[in-house]
Amino acid sequence: MTTLRLNAADLSRTVLRSEPAVLVELAMAAQRLVLADVPEHLAGWRTRTRAALRPEMRSYLDLCRTPYLVPDLVTPPVFDGGLDALLDRVAGTPDEVLAAELGPLVASGALPARVAPLAAGEPAARARLRAAMRAFHGVALAPYWSEIEGAVRADRAVRGHTLAAGGLGRVLRDLSPYLAWAETGEHYALSYRCAVADDVEVAAGGRGLTLLPCHLAPQPYLLADPGGPLVLVYPIRPGRRELGAGAPLADLLGRTRAAVLAATADAPGTSQLARRVGVSAATASEHAATLRAAGLITTRRDGAGVRHCLTPLGEQVLRAGGPAGVRPR
């Protein structure tokens, strides 16, 4: 059991991200390939991903080959920025970190001997790792990213409504069937059963807690960030359809309008909505008006602008039908 010990300051600094973290999803995708069981909604995705694997991806997949164990260096607690910048960060991991994280695993046989050049920080090995991560991203995540984004935003929207109705304690109690929340006076604990460790306790000590929803995570996962808040990755509840198995909302509403509905999950403004879907602000506003008339979203004033929010009906439609892609037709 891994237990996070929180105090009142940690709770006041608890935040819930609304976007998936690409490097975390990537590592969890690699883990899904080596775990014995896979949930039904990911079975087709795993079959397609395994069939698309190529030798140049091995440098990355080697690091994720042990079930429930991923080196911290490939999941840095940095979530903003494009894929290239994040890959540069991983490839630029300091020599001492590479040696400390990978050296013992190579020595024990947990990682193959071919990882030794990376553990030594050799430039060519760093370049191979970066290329391997990008190649694996191209087959495991890129074709499904709009669906993953939509599912994570929908999950976050549900948490937002729970927060407004029942407070943070209820959000933490209902966050995941893998997690247990306990309150005793001024002491708080968020616990989960860890597959690779027993009775580990981590005290946030006032640093705060970042909750990171993840589509592909098989269980909760704690990211190492000694200088910042604790980051707890939690698996979102799976949708009712297979990842990448079509877009029923697009068939019903049209691809652009379905994309607008999915992109509304975290209450964006009109300009932000337009950028996400790849249409003009006027077009986004027109589609929002249609969805609003159907009772799927509401629009409220926010200063000089507006924010578009899913209604409970819209949430149900989005979760039942699955998020659609963002390319208009």
Side-chain angles (χ1 to χ4, degrees), residues 2 4 14-35 37-43 45-46 49 60 63-64 66-81 83 86 90 133 136-137 140-160 162 171-172 174-181 190-196 202 209-225 228-244 262 265-266 318-319 322-323:
T2 297
L4 310 183
T14 294
V15 298
L16 176 59
R17 286 189 57 85
S18 59
E19 303 285 342
V22 63
L23 293 189
V24 173
E25 295 284 0
L26 192 68
M28 296 301 101
Q31 283 281 284
R32 287 294 192 182
L33 299 185
V34 299
L35 294 174
D37 298 321
V38 64
E40 183 178 354
H41 72 287
L42 294 178
W45 166 86
R46 184 163 78 166
T49 301
Y60 177 62
L63 302 184
C64 305
T66 303
Y68 302 108
L69 183 62
V70 176
D72 291 334
L73 68 96
V74 297
T75 55
V78 177
F79 312 122
D80 297 322
L83 178 62
L86 293 171
V90 173
M133 294 179 73
F136 183 60
H137 175 274
L141 287 191
Y144 313 98
W145 191 246
S146 63
E147 295 183 57
I148 291 171
E149 279 190 314
V152 166
R153 288 173 185 158
D155 184 87
R156 203 272 193 181
V158 170
R159 309 302 169 196
T162 301
V171 172
L172 295 174
D174 297 344
L175 196 62
S176 168
Y178 297 96
L179 291 159
W181 170 247
L190 191 60
S191 303
Y192 64 94
R193 192 165 301 282
C194 183
V196 295
V202 181
L209 177 66
T210 296
L211 300 169
L212 178 62
C214 183
H215 192 286
L216 292 170
Q219 66 169 32
Y221 177 64
L222 191 63
L223 297 184
D225 185 12
L230 293 180
V231 179
L232 180 64
V233 177
Y234 72 91
I236 65 172
R237 290 180 173 85
R240 296 184 181 180
R241 70 184 186 93
E242 182 184 330
L243 181 61
D266 62 337
L318 188 60
R319 292 176 71 88

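- Qualifying side chain to side chain contact (heavy atoms under 4.5 Å, CB included) partners for Val78, counting only residues two or more places apart in sequence or in other chains: Leu86, Arg89.
- Atom CG in Leu190 sits 6.0 Å away from atom CG in Leu172 (nearest 0.5 Å).
- Evaluation of the side chain to side chain contact (heavy atoms under 4.5 Å, CB included) rule for Ser176 yields Tyr178, Leu179, Pro235 as partners, not counting sequence neighbours.
- Phe79 is not listed as a side-chain neighbour of Leu23, based on a closest heavy-atom distance of 4.5 Å or more.
- A heavy-atom distance below 4.5 Å is not found between the side chains of Leu83 and Met133.
- Closest approach of Arg237 and Leu175 over heavy atoms only: NH1-O, 3.8 Å.
- Listed by chain and number, the residues in a side chain to side chain contact (heavy atoms under 4.5 Å, CB included) with Pro71 are Leu63, Leu73, Glu101, Leu102 (sequence neighbours excluded).
- Interatomic distance, Glu149 CD to Tyr144 OH, rounded to the nearest 0.5 Å: 16.0 Å.
- Looking at residues two or more places apart in sequence or on another chain, you find no salt bridge (Lys or Arg N to Asp or Glu O under 4.0 Å) involving Asp72.
- Between Leu216 and Pro20 the shortest side-chain heavy-atom distance does not fall below 4.5 Å.
- Not counting sequence neighbours, the partners of Tyr221 by the side chain to side chain donor-acceptor pair (under 3.5 Å) test are Thr75.
- Counting only heavy atoms from C-beta outward, the side chains of Leu209 and Pro229 never approach each other to under 4.5 Å.
- Looking at heavy atoms from C-beta onward, Val233 lies out of side-chain contact with Pro220 at the 4.5 angstrom threshold.
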Item to check | Steps toward side-chain contact (heavy atoms from CB on, under 4.5 Å) verdict (Val34, Tyr68) | outcome: CA-CA 9 Å; Val34 299; Tyr68 302 108; over 6 Å; no
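- Residues Arg159 and Asp174 approach most closely at NH1-O, 3.3 Å, considering heavy atoms.
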Next on the checklist: The test is side-chain contact (heavy atoms from CB on, under 4.5 Å); show your working for Leu222 and Val231 and say whether it passes.
Outcome noted: CA-CA 6 Å; Leu222 191 63; Val231 179; 5.8 Å; no
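- Considering only residues two or more places apart in sequence or on other chains, Tyr234 meets the side chain to side chain donor-acceptor pair (under 3.5 Å) condition with Asp155.
- A search for side chain to side chain contact (heavy atoms under 4.5 Å, CB included) contacts involving Pro39 returns Arg32, His41, Leu42, not counting sequence neighbours.
- The CG atom of Leu141 sits 10.5 Å away from the NE2 atom of His215 when rounded to the nearest 0.5 Å.
- For the atom pair CD of Glu19 and CG of Leu212, the computed distance is 10.5 Å after rounding to the nearest 0.5 Å.
- By the side chain to side chain donor-acceptor pair (under 3.5 Å) test, Ser191 is found to be paired with Thr3, residues two or more places apart in sequence or in another chain being considered.
- Rounded to the nearest 0.5 angstrom, Cys64 SG and Leu26 CG are separated by 7.5 Å.
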Item to check | Worked check of side-chain contact (heavy atoms from CB on, under 4.5 Å) between Gln31 and Leu69 | outcome: CA-CA 8 Å; Gln31 283 281 284; Leu69 183 62; 5.8 Å; no
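- Every residue two or more places apart in sequence or in another chain was checked for a salt bridge (Lys or Arg N to Asp or Glu O under 4.0 Å) with Arg156, and none qualifies.
- Applying the salt bridge (Lys or Arg N to Asp or Glu O under 4.0 Å) criterion to Asp80, with sequence neighbours excluded, gives Arg17.
- For the residue pair Ala21 and Trp145, the shortest heavy atom distance occurs at C-CH2, 4.4 Å.
- Among residues two or more places apart in sequence or in another chain, the side chain to side chain donor-acceptor pair (under 3.5 Å) test is passed with Thr49 by Trp45.
- A 4.5 Å side-chain heavy-atom check between Trp181 and Leu4 finds every atom pair outside the cut-off.
- Atom-to-atom distance recorded for Leu223:CG and Thr210:OG1 is 9.5 Å, nearest 0.5 angstrom.
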